[in-house]
Amino acid sequence: MDAVIDLHAHILPAVDDGPRDLEAAVALVADAHRLGVRTIAATPHVNPTYFTRPETTAARLDELREAVAAAGIEIELLPGAELDFTTLAGLDGAERAAHGLGGNAQLLLVETPFTALPLSFATTLLELRGDGIIPVLAHPERSPGILGDIEQLRAPIESGTVVQVNAGSLLGRFGRRVQQTAHAIVAAELCHLVASDMHNVGDRLNELDRVAEVLGNPTLARWLTFEVPEALLAGSSLSLRPPPGRLELL
Ligand SMILES: [Fe+2]
């Protein structure tokens, strides 16, 4: 299997609800590396509780890179952020650019609200596209606003938003309803990439190595965990999506 690229991961020490210190952060990265992940974007929360500044991300990322290298782990660690939907509206263009996913100012990881979808949901995503930004919508399968109606993803996708589903959702970590929704999103070809959203070893660890198994489709799993994230980071267009085939009904 190709090197997996994980574009949603809380790996920075002591910035949000991820690892509490450098040692725990290195353990998290080591675990991901053991499972075949070779590139990780560090995506700390930017929300009212954890308002991570880009300078903090850069400083903690430097510390982590140094510690990971000292531990002999060969892995690429990139900057990023997970922007809360409401917080995003209060940031200016320069602030948004500084939070670019993988260091790419044209790519933003936007958290799907854990509430009913705001009326501004589709228009906010469309406005980002108007500014030349590709929104990467994080784990919509966990949002009450999407659970009942995954078709709400279609219009944003048609305007250029890409959708990220959590590996843990596909595996049932967040309950059966989220799991069914995650599989339905993949089956309806509304998912572009799968990421870990890992926070802590032993809690929400990296499960990207199990995507092929849970989907029963290694070709699609490779597209979701390697080809798409690679193309997004490179700023190139996405390769053709392999057909989902007959996904096992849950
Ligand atoms: Fe996250």
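Quick caveat, the model's predicted, so the values are computed rather than measured. We count ligands from 1, going down the list as the structure has it; atoms in each ligand are counted the same way. Counting from 1, the numbers follow the sequence of the chain as shown.
Checked against the 6.0 Å centroid criterion, the rings of F114 and H139 qualify as a close aromatic pair.
Between E227 and R222, at least one side-chain N (NZ, or NE/NH1/NH2) sits under 4.0 Å from a carboxylate O, which counts as a salt bridge. The pair E207-R173 meets the salt-bridge criterion, since a charged nitrogen lies less than 4.0 angstrom from a carboxylate oxygen. Ion pairing between D209 and R34 fails under the 4.0 Å rule for side-chain N and carboxylate O.
Rounded to 10°, the angle formed at the Fe ion (ligand 1) by OD1 of D197 and NE2 of H10 is 90°.
Restricting E82 to its N/O/S atoms, the shortest distance to the Fe ion (ligand 1) is reached by OE1.
In summary, no N, O or S atom of H199 is located under 2.8 Å from the Fe ion (ligand 1). Distances from the Fe ion (ligand 1) show that H8 has an N/O/S atom below 2.8 Å.
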